[in-house]
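Comments concern the structure below.
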2 protein chains.
Amino acid sequence: MEQKLSTRQKRILKFIEAFIGNNGYPPTIREIGEAVEIASTSVVNYNLNKLVEYGLLARSPEVSRGLRLVGGESPKEVPFKVVDITHLVQIPLVGKIAASAPVPLPGEDFGYYYDDDDIIDVPQGMLGKHRQSDLFALRVTGDSMIDAMVADGDVIVLERQNIARNGDMVAVFLPERGETTLKKYYLEGSQVRLQPANPTMDPIYVDADKISVQGRVLAVLRTLH
Amino acid sequence: MEQKLSTRQKRILKFIEAFIGNNGYPPTIREIGEAVEIASTSVVNYNLNKLVEYGLLARSPEVSRGLRLVGGESPKEVPFKVVDITHLVQIPLVGKIAASAPVPLPGEDFGYYYDDDDIIDVPQGMLGKHRQSDLFALRVTGDSMIDAMVADGDVIVLERQNIARNGDMVAVFLPERGETTLKKYYLEGSQVRLQPANPTMDPIYVDADKISVQGRVLAVLRTLH
DNA sequence: CTTGACACAGAACATGAGTTCGGTCTATAA
DNA sequence: TTATAGACCGAACTCATGTTCTGTGTCAAG
């Protein structure tokens, strides 16, 4: 059964989900309208009734906030699922990363000592589930990471981690070369194959005990202007 | 921690819990009063405020059914900070982009089937200030955009726009070649220089009237795993 | 006994919020 | 062309619902 929801209707559903997750109770028609950019309450009402037709929503007539999501999923799980989507994780931007230096790791002793501009917000659902204290971000300076498809000015979000599993994109420091790179990690015998994200470029091979994994890359964020 | 809840307050808590479980939204003051046999709404209000004092309940003033059960734990350190949803921008993921086809723009009836997750949340501060309705996102398929430092699977956020200013990163469709690319835009006389983001690659030059700007790139999002 | 905090009742009040209705716009069918 | 239906807007309407106020009765401290 293929239900073609309009973009608005999808946004409405998503918003209701998120709102309930954040507030514990459903939104009003007007709150939905504001969030989804619908000027008239009647239009929101109109689309809500559509969603009821499609069996995605339940409404209690004449009841404020009388909405309930009734998708195929178990309704019990909704609030938790939503939490993942709508929560923002605050990640400290602890410094810059360049090929010529090891990754600056967040200070352990002094914990939270960053000013406001050094914290970036990321929707929790965009990353997986991780201990927030293990997350940190770095701004890339220079073009040395182009083989990792990472440009000057990009922000990368990392999870602090000393080991890696095959296929992980990791930040590794190579003491022999005295440089840091972002590569995909593949352990092959006693050697490690470090594969650039750019498929046109060749991997490098290093002894497994001669590299230092600094963290696993979870996301790359690039904003223009 | 002793909590000397009156029988009424216990019944209220119990009822709220049951009501939310049954209906998906919290009860009104009057519904509580009826269930717990309290004659006056003010008394219900009175006891609800007591429960808030005890840290067992959260209320949103002037909000219908603005109740939320909250654990008895101390509100000291919440692992994830709850943020107002209005700080998130909801952007429709309207389709895929590949070198071989023009950009699918929102509103064009492509008969698209929208999934549950073709809306992405982005912190408002990450983009600039834009009309939300002008924003859309595309998922990149294939490695054809590597010269723009965009990898397979990346999501790009665009602002719908037909013109471009020098230096803008834009999605342009080249009718002559029948392909779409992401390039930096520089108008030079009657020609346009399209500069790849990757500094090691060379620009291409096209007649200004032979290109079609589809939108301006605001951000590139890449998640691993 | 008086005082005051506490729990409660009842009713009026103000506004939050669902509903309804007339009208516009666009696309498609007749 | 006209007609019809879907999606939308704006405003009015009405009830649902939170808030506030005055006033009871109880009970323990003074």
Side-chain angles (χ1 to χ4, degrees), chain A residues 2-13 15-16 19-20 23-54 56-69, chain B residues 2-13 15-16 19-20 23-54 56-69 86 92 94 105-112 114 131-134:
Chain A
E2 182 182 11
Q3 51 203 358
K4 51 174 179 87
L5 294 180
S6 70
T7 303
R8 270 192 168 173
Q9 286 159 3
K10 295 166 65 58
R11 288 181 67 187
I12 289 177
L13 271 187
F15 173 73
I16 294 174
F19 190 99
I20 294 177
N23 300 288
Y25 49 82
T28 67
I29 284 183
R30 285 172 179 81
E31 285 165 341
I32 296 173
E34 198 172 329
V36 190
E37 297 177 302
I38 297 179
S40 177
T41 58
S42 62
V43 176
V44 178
N45 189 54
Y46 172 83
N47 282 291
L48 287 181
N49 287 331
K50 284 291 180 192
L51 292 172
V52 172
E53 273 181 35
Y54 301 155
L56 300 172
L57 197 67
R59 298 188 73 184
S60 304
E62 301 184 6
V63 168
S64 304
R65 304 171 186 276
L67 302 174
R68 188 183 1 171
L69 294 169
Chain B
E2 44 72 55
Q3 47 183 33
K4 45 182 175 139
L5 292 181
S6 70
T7 305
R8 272 192 165 173
Q9 286 158 3
K10 285 179 191 167
R11 288 184 66 187
I12 289 177
L13 273 186
F15 173 71
I16 294 176
F19 191 99
I20 293 177
N23 301 288
Y25 49 83
T28 67
I29 286 183
R30 285 171 179 81
E31 285 165 342
I32 296 173
E34 196 173 333
V36 190
E37 298 171 300
I38 296 178
S40 175
T41 59
S42 63
V43 177
V44 178
N45 189 54
Y46 172 84
N47 283 290
L48 287 180
N49 287 332
K50 284 292 179 193
L51 291 171
V52 172
E53 273 181 36
Y54 301 155
L56 300 171
L57 197 65
R59 298 189 72 185
S60 303
E62 301 184 1
V63 167
S64 304
R65 307 173 186 274
L67 302 175
R68 185 181 4 171
L69 293 171
T86 57
V94 298
L105 295 174
E108 292 185 357
D109 53 8
F110 252 64
Y112 256 100
Y114 292 106
R131 292 240 323 267
Q132 188 172 353
S133 53
D134 286 341

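Note on naming: letters A, B, ... go to the chains in the order of the sequence lines (proteins, then strands), and numbering restarts at 1 for each one. We use all heavy atoms of the structure for the numbers below, so side chains are in, but hydrogens, waters and symmetry mates are not.
Between Leu67(A) atom CG and dA17(C) atom P the separation is 12 Å, expressed in whole Å. As rounded to whole Å, 16 Å separates atom C1' of dA16(D) from atom CG of Asn23(B). Computed from coordinates, the Asn49(A) CG to dC21(C) P distance equals 14 Å when rounded to whole Å. Taking atom CZ of residue Arg65(B) and atom C1' of nucleotide dA17(C), one finds them 11 Å apart after rounding to whole Å. In this structure, the OH atom of Tyr25(B) is 14 Å from the P atom of dA17(C), given to the nearest Å. We find that CD of Glu31(A) is positioned 11 Å from P of dG16(C), with the value rounded to whole Å. At whole-Å resolution of the value, CD in Glu34(B) and C1' in dT17(D) are 14 Å apart. Atom CD1 in Ile29(B) sits roughly 8 Å away from atom C1' in dT19(D) (whole-Å rounding).
Listed by chain and number, the residues in a side-chain hydrogen bond (donor to acceptor under 3.5 Å, both in side chains) with Thr41(A) amount to none (sequence neighbours excluded). With sequence neighbours excluded, the residues forming a salt bridge (Lys or Arg N to Asp or Glu O under 4.0 Å) with Glu37(B) are Arg11(B), listed by chain and number.
For dA16(D), neither phosphate oxygen OP1 nor OP2 lies less than 4.0 angstrom from any side-chain nitrogen or oxygen of Thr28(B). The side chain of Asn45(B) contributes no N or O atom lying less than 4.0 Å from OP1 or OP2 of dG18(D).
Side chain of Arg8(B) to backbone of Val36(B): no donor-acceptor contact under 3.5 angstrom is found. A distance-only check finds a donor-acceptor pair linking the side chain of Arg68(A) to the backbone of Asn23(B) [under 3.5 Å].
Distance check: Leu57(A) CG to Ile12(A) CD1 gives 9.0 Å after rounding to the nearest 0.5 Å.
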- Item | Heavy-atom protein contacts under 4.0 Å, nucleotides 4-15 of chain D, coded B base, S sugar-phosphate only, - none | --SBSBBB----
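The minimum heavy-atom distance between Tyr25(A) and Leu67(B), with the atom names listed, is CD2-O, 3.6 Å.
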